[in-house]
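What you see is a predicted model, and the numbers here were worked out from it, not measured in a lab.
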Amino acid sequence: MTAPLRLIIFDVDGTLVDSQGDIVASMRHAFYEVGAPVPDRAAIVGIIGLSLDTAMARLAPDLGPAAHDALVEGYKRSYLSLRAQAGAAQSSPLYPGTRDMLETLAARDDLLLGVATGKSRRGLDKLLEGHGLNGMFVTQQVADHHPSKPHPAMLHSALAETGTDPRDAVMIGDTTYDMDMARAAGLRSIGVEWGYHPVADLRADHMLTGWADLPGCLAQMWEVHA
């Protein structure tokens with residue numbers, strides 16, 4: 001019997017790329033612009049992965065919708081400016097081994113690759129272009145079209161677009177939002193140890209210390225659940 005196509009869905013920030021420098025700087029700038037108390041670095045890093053409107057509400061729960069909207073716009077302006085100055089590849093560098101890992105998996109005829117990210121469509125497009133990764137991911141789920149993680153809508157759409165059964169898909173990420181989203185959608189999860197949330201909080205089905213561990217992890221996971 002022919003083995004089914006398997007779908008690997010990646011988070012982006014904190015999993016494929018390290019973008020925290022520009023995110024933290026842009027968030028601080030946005031809060032400074034509106035005259036609100038600036039969150040500390042830990043708080044900002046803790047919301048990476050959420051959609052911007054959800055992130056602002058969490059960082060500034062005492063402010064109203066108008067202030068949250070102003071924070072979102074201020075953040076976007078600052079982030080675009082920083083990215084334009086350095087270029088997407090420099091402002092959000094790939095973690096070591098990421099390109100080789102993606103190219104190796106993409107060359108396999110039994111796997112499909114996707115992303116599910118809190119980035120906007122424009123932000124993801126710029127990132128993929130900057131790193132020369134256009135065409136790598138057959139399904140791309142972004143914040144423009146879905147509720148924020150950990151709502152499972154992104155994963156439901158990825159499964160529908162690729163015709164994949166949840167048993168044949170996995171979510172790889174670095175935050176509790178990714179892991180909770182995977183559970184809500186009925187997918188197994190793989191956490192990475194180099195991201196933005198404490199490893200102990202992830203409660204992932206499997207953990208990676210580096211991308212070199214991924215092929216073995218996938219083989220074990222789908223052999224057990226064949």
Side-chain angles (χ1 to χ4, degrees), residues 10-95 115-131 140-154 173-181 184 191-202:
F10 295 91
D11 169 58
V12 176
D13 296 305
T15 300
L16 299 179
V17 301
D18 186 5
S19 50
Q20 65 174 302
D22 282 2
I23 291 174
V24 171
S26 297
M27 198 65 76
R28 286 173 170 167
H29 181 79
F31 274 79
Y32 179 80
E33 266 194 340
V34 303
V38 178
D40 62 26
R41 184 181 188 88
I44 296 172
V45 171
I47 57 82
I48 295 176
L50 296 176
S51 300
L52 280 176
D53 54 349
T54 301
M56 296 309 183
R58 185 166 297 190
L59 288 173
D62 296 332
L63 298 182
H68 292 157
D69 289 345
L71 287 169
V72 168
E73 291 308 312
Y75 173 90
K76 288 179 178 178
R77 286 194 301 271
S78 178
Y79 195 88
L80 287 172
S81 176
L82 291 173
R83 187 178 63 200
Q85 292 172 35
Q90 286 69 42
S91 64
S92 297
L94 293 169
Y95 283 105
V115 292
T117 176
K119 286 185 174 299
S120 67
R121 176 78 267 170
R122 179 173 62 176
L124 180 62
D125 286 348
K126 288 291 187 182
L127 184 73
L128 296 179
E129 179 183 355
H131 284 292
Q140 301 174 13
Q141 307 303 322
V142 295
D144 307 59
H145 310 305
H146 298 288
S148 179
K149 298 176 183 180
H151 192 284
M154 288 188 185
D174 69 302
T175 69
T176 58
Y177 315 129
D178 299 315
M179 304 301 107
D180 290 345
M181 179 174 65
V192 302
E193 293 191 359
W194 53 83
Y196 300 151
H197 280 192
V199 171
D201 293 345
L202 297 185

Please report, to 0.1 Å, the donor-acceptor pairs under 3.5 Å made by any side chain of residues 37-52, with sequence neighbours excluded.
residue, atom, partner, partner atom, Å
Asp40, OD1, Ala42, N, 3.3
Asp40, OD1, Ala43, N, 2.8
Arg41, NH2, Gln20, OE1, 3.1

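- Among all heavy-atom pairs drawn from Ala116 and Met181, the shortest one is CB-CE, 4.2 Å.
- Within a 6.0 Å sphere centred on CZ of Arg121, heavy atoms belonging to other residues, nucleotides or ligands number more than 12.
- Of the inter-residue distances, the one linking Asp180 atom CG with Lys149 atom NZ reads 11.5 Å to the nearest 0.5 angstrom.
- Scanning all heavy atoms of the two residues, the minimum distance from Arg83 to Asp22 falls at N-OD2, 4.3 Å.
- Taking each heavy atom of Met154 and Thr117 in turn, the nearest pair found is CE-O, 3.1 Å.
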Checklist line | Verdict with supporting geometry, Ser120 and Asp144, side-chain contact (heavy atoms from CB on, under 4.5 Å) | finding: CA-CA 6 Å; Ser120 67; Asp144 307 59; 3.5 Å; yes
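- Contact annotation: the side chain of Thr15 never approaches that of Tyr95 to less than 4.5 Å [non-hydrogen atoms, C-beta and beyond].
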Report, one line per pair, each donor and acceptor closer than 3.5 Å where one atom sits in a side chain of residues 53-60; sequence neighbours left out.
residue, atom, partner, partner atom, Å
Arg58, NH1, Tyr177, OH, 3.3

Next item on the list: Given side-chain contact (heavy atoms from CB on, under 4.5 Å), test His197 with Met179 step by step and report yes or no.
Entry: CA-CA 11 Å; His197 280 192; Met179 304 301 107; over 6 Å; no
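- Looking at heavy atoms from C-beta onward, Leu71 lies in side-chain contact with Leu63 at the 4.5 angstrom threshold.
- Gly74 and Glu33 get closest at one heavy-atom pair: CA-OE1, 3.6 Å.
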Check: Are Thr176 and Asp201 close enough, and set up right, to give a side-chain hydrogen bond (donor to acceptor under 3.5 Å, both in side chains), and what steps lead you there?
Finding: CA-CA 7 Å; Thr176 58; Asp201 293 345; over 6 Å; no
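- When all heavy atoms are compared, the tightest approach of Val192 to Gly14 is CG2-O, 4.0 Å.
- In this structure, His146 and His151 have side chains that are not in contact, with every pair of non-hydrogen atoms separated by 4.5 Å or more.
- Here the closest heavy-atom approach between residue Ala89 and residue Gly130 is recorded as CB-O, 3.5 Å.
- Interatomic distance, CG of Leu16 versus OG of Ser92, reported as 11.0 Å (0.5 Å rounding).
- Between Asp11 and Val115, the closest side-chain pair of non-hydrogen atoms is not below 4.5 Å.
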Next item on the list: List the steps, then state whether side-chain contact (heavy atoms from CB on, under 4.5 Å) holds for His131 with Val17.
Entry: CA-CA 10 Å; His131 284 292; Val17 301; 4.1 Å; yes
Note to self: Between Asp13 and Ser19, does the side-chain contact (heavy atoms from CB on, under 4.5 Å) criterion hold? Intermediate values first, please.
What the structure shows: CA-CA 6 Å; Asp13 296 305; Ser19 50; 2.5 Å; yes
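- Between the side chain of Lys126 and the backbone N or O of Leu80 there is no donor-acceptor pair closer than 3.5 Å.
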